[in-house]
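One structure is given here, and the rest of the page talks about it.
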Amino acid sequence: MTNTKKHAEDTCPIVYQCRLSLSTRTVNHLADLLRRHLKAIRSRWRILPPGKIAVIVLAVLRHDERLADMAGGNDVSESTVQRRRDELIALLAAQAPRLDRALKKVVNQGGEVVLIDGTLIRTSAAPDRPTVATTPASTAATACTSSP
């Protein structure tokens, strides 16, 4: 059995296009992050350039596109799209501050409540700061979530 990437006779690939509202800055940030990573691990080449990989990953994450659909439209395998998605998520996660450091920063700036991924996290008040008189409106902790 031979593998071929040619389409069967009298068939044409179906093209699905959607408008992905992303800033150039976002795409360039992810592409630069991926370029630096590839240079650090001394990867010689990838089938797709980092900018194209960034757009594919953002489309998968933003519009919840199926991996197979994005793979087929870009002539790569589904597992390749999955690996690139996981790779970029790991690179972004490595840049994020640790939770304890982020909460400490919020406390130092006087914050009392932080909303992270829909989870309400109360910060402990700094011991050297006087407690502020609370009004009934400020005593209730409310969490808001937004959908795209």
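Note: hydrogens, waters and symmetry copies are ignored here, and every other heavy atom, side chains too, is used. Numbers here simply count residues along the sequence, with the first being 1.
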> Would you call R35 and D32 a salt bridge, taking side-chain N to carboxylate O under 4.0 Å as the test?
Replying inline: yes
Heavy-atom closest contact ([X] atom, [Y] atom, distance):
X	Y	answer
L48	I53	O-CD1, 3.5 Å
A31	P50	O-CB, 3.8 Å
V27	G51	CG1-O, 4.2 Å

Roughly how far apart are [X] [atom1] and [Y] [atom2], rounded to 0.5 Å?
X	Y	atom1	atom2	result
E87	L33	CD	CG	9.5 Å
L61	L92	CG	CG	9.0 Å
S77	R83	OG	CZ	5.5 Å
E78	M70	CD	CE	12.0 Å
I56	L30	CD1	CG	12.5 Å
H29	L91	NE2	CG	9.5 Å

> Checking side chain to side chain contact (heavy atoms under 4.5 Å, CB included) for the pair R85/L67: CA distance, chi angles, key distance, verdict?
Replying inline: CA-CA 10 Å; R85 180 199 61 197; L67 298 176; 3.8 Å; yes
>> Is there a side chain to side chain contact (heavy atoms under 4.5 Å, CB included) between V60 and V81? Walk through the geometry before answering.
In response: CA-CA 9 Å; V60 167; V81 175; 4.1 Å; yes
> Taking C-beta and beyond as the side chain, do R101 and R98 meet within less than 4.5 Å on heavy atoms?
Replying inline: yes
